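Worksheet: one structure, shown below.
On a predicted model such as this, the values are computed, not experimentally measured, just so you know. Note that these values count all heavy atoms, side chains included, but never hydrogens, waters or copies made by symmetry. Atoms within a ligand are numbered from 1 in the order they appear, just like the ligands themselves.
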Amino acid sequence: MRTCLNVNDLRNDIIRRVEEMSGQDLMACYQCGNCSAGCPAAGAMDLLPNQIIRLLQLGRVQEVLHSKAIWYCAACLTCEARCPKGIDVARITEALRTLAMEKGIRFIDIEELPPETLADLPQQACIGGFRKYNI
Ligand code: SF4
Ligand code: SF4
């Protein structure tokens, strides 16, 4: 059976919002993998940066919103520097984190952190991290 994929059908409302919020054209990615090859956080990610984009291209946004990878992105911009299409993955992961939080998807719940852990954590790092993770 032949399957035809139409770009406009795949670009659902959430995908359009990711593009609007990030300012990136997801369909410009041709999956060369340069971003993932240079990403310092790739070893901890459950989806590589190019896989995040591929799933978005296919309209599979829920898998991406529930991934750990969008939270592990350190916004180091290595991927943008390596991308032949100039795609800024950090902007995409930032948009995805915002959308995930809008939908009540939490990466870390501060209520679940033990008091001794909270006491040991550097306050500056906590504030920076909590801004990112919007706890
Ligand atoms: S480097 Fe750019 S074009 Fe290549 S897979 Fe990553 S985002 Fe896509
Ligand atoms: S900005 Fe994020 S996805 Fe890109 S190389 Fe850095 S950690 Fe990896």
Legend entry - Region of L77 engaging ligand 2 - heavy atom pairs below 4.0 Å: backbone

Inset, instruction - List the steps, then state whether side-chain contact (heavy atoms from CB on, under 4.5 Å) holds for R17 with D13. - result: CA-CA 6 Å; R17 272 204 75 202; D13 288 346; 5.9 Å; no

Output yes when a side-chain donor or acceptor of [X] lies under 3.5 Å from a complementary backbone atom of [Y], and no otherwise.
X	Y	answer
R97	W71	no
N34	C83	no
Q24	V89	no

Against heavy atoms of [X], which atoms of ligand 1 measure under 4.0 Å?
X	answer
Y30	3 (S)
N50	5 (S)
N34	1 (S)

Inset, instruction - First locate atom CG of L56, then atom CD of E63, and finally report the distance between them rounded to the nearest 0.5 Å. - result: 10.0 Å

Legend entry - Interatomic distance, L48 atom CG to S67 atom OG [nearest 0.5 angstrom]: 11.0 Å

Inset, instruction - State whether a side-chain donor-acceptor pair under 3.5 Å links R54 with Q51. - result: no

Inset, instruction - Could you tell me whether the side chains of N50 and Q31 share a donor-acceptor contact shorter than 3.5 Å? - result: yes

Which protein non-hydrogen atom lies closest to [atom], naming both residue and atom, and how far is it?
atom	result
atom 7 (S) of ligand 1	I53 CD1, 3.5 Å
atom 5 (S) of ligand 1	G33 N, 3.2 Å
atom 8 (Fe) of ligand 1	C29 SG, 2.3 Å

Legend entry - Any I14 side-chain heavy atom under 4.5 Å of K103 side chain: yes

Inset, instruction - List nothing but the number: protein N/O/S atoms under 2.8 Å from atom 8 (Fe) of ligand 2. - result: 1

Legend entry - Identity of the nearest option to atom 4 (Fe) of ligand 1, non-hydrogen atoms only, from C32, C83, A37: C32

Inset, instruction - Considering the heavy atoms of A75, write down every atom of ligand 2 situated less than 4.0 Å from one of them. - result: 1 (S), 2 (Fe)

Inset, instruction - Considering non-hydrogen atoms only, spot the tightest contact between A90 and C79 and give its length. - result: N-SG, 4.3 Å

Inset, instruction - Check whether any heavy atom of Q31 sits under 4.0 Å from an atom of ligand 1. - result: yes

Legend entry - Atom NZ of K85 with >12 non-hydrogen neighbours under 6.0 angstrom: yes

